[in-house]
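I have placed the structure first, in the form of structure tokens, so that the comments after it can refer back to it.
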Amino acid sequence: MGKMVKRTSVTFSIFGTIMILVGMFLFGFRYFTKDKYIDIDATIVGIYNDDDDDSYTLVEYVVDGQTYCNSISMYSSTYYIGKIIKIQYHINNPDKIRSYWSLIIAGSIVSFMGVVFSGIGYGMLINNTKNNHKLMNAKKNGRKRIGKVIAIHQNRHYYINDRHPCNIECICNIDGKEITLKSKNIWKELDYEEGLIVNVYCNNGRNFIDAESLRKADDIDEIISFE
């Protein structure tokens, strides 16, 4: 596995796992503080934006016959002046309020993003580990052939940190037939030049290009083995 891919996959996995934990914390915080807050209906009396362009909603509600007016740091395109929404106020301090849905929505969004990031990261790790295992097994149990490199190009369909992987194309004589092979994505800078060769391993009807063996064909034995 390329160092950049490994570093990126580990970063995605760790970042995603942290986000999942943060989401679980938000759900847990709401659950364990539910007895300290009471649900109540409130009327929207104002919708504002501060200097940082953050929106907040001013609501009015009544607790024990007394009217309170406070803001919640939550806004929806469905909000309008006069709309009734559900909020929660602290049992010991009616001025301390929070949106009924804020922690649920925040926890859901953060957890979902965490699942996506960690899924990408762990998926990359598993996929690369499987590919490396297949190559190692082919090197151990398969037949070695020499492939003549005919092209090295970038795969524009993928990129990480604004970098595209490379693919090696080579021709190789296998069982008397000259075939063209293409490597899996290689996350390192490779430049094509005349006379490059690469090891190809044949195992159980599958052919694997060993990108790490890419080299200049300066050994006459390797040239002969290709021919």
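Counted within 6.0 Å of NZ on Lys184, heavy atoms from surrounding residues, nucleotides or ligands total 12 or fewer; the atom is thus considered open.
Between Tyr80 and Ile44, the closest side-chain pair of non-hydrogen atoms is not below 4.5 Å. With a 4.5 Å cut-off on side-chain heavy atoms, Asn70 and Ile87 do not count as touching. Counting only heavy atoms from C-beta outward, the side chains of Asn185 and Asn167 approach each other to under 4.5 Å.
The main-chain N or O of Thr17 is never found under 3.5 Å from a side-chain atom of Ser118 such that the two would form a donor-acceptor pair. In terms of modelled atom types and a separation under 3.5 Å, the side chain of Asn127 and the main chain of Gly123 share no donor-acceptor contact. Counting only distance, with no hydrogens or angles, the side chain of Ser71 and the backbone of Tyr56 share no donor-acceptor pair below 3.5 Å. Of the possible donor and acceptor atoms, one in the side chain of Ser183 sits under 3.5 Å from a partner among the backbone N and O of Ile168. Between the Tyr79 side chain and the Met74 main chain, no donor and acceptor come within less than 3.5 Å of each other. Proximity of a side-chain donor or acceptor of Lys144 to a complementary backbone N or O of Cys202 within less than 3.5 Å is not detected. Side-chain atoms of Arg215 come within 3.5 Å of backbone atoms of Ser213 as a donor-acceptor pair (strictly under, hydrogens ignored). At distances below 3.5 Å, not a single donor-acceptor pair connects side-chain atoms of Asn137 with backbone N or O atoms of His133.
By the 6.0 Å and 45° rule, Arg30 stacks over the aromatic ring of Tyr100.
Between Tyr89 and Tyr61, the ring planes lie parallel to each other; the angle is under 30°, not in the 30° to 60° tilted range. Using a 30° and 60° split on the angle between ring planes, Phe12 and Phe117 fall in the tilted class, from 30° to 60°.
Using a cut-off of 4.0 Å between Lys/Arg side-chain N and Asp/Glu carboxylate O, Glu178 and Lys148 are scored as not salt-bridged.
A donor and an acceptor atom, one from each side chain of Thr33 and Arg98, are located under 3.5 Å apart.
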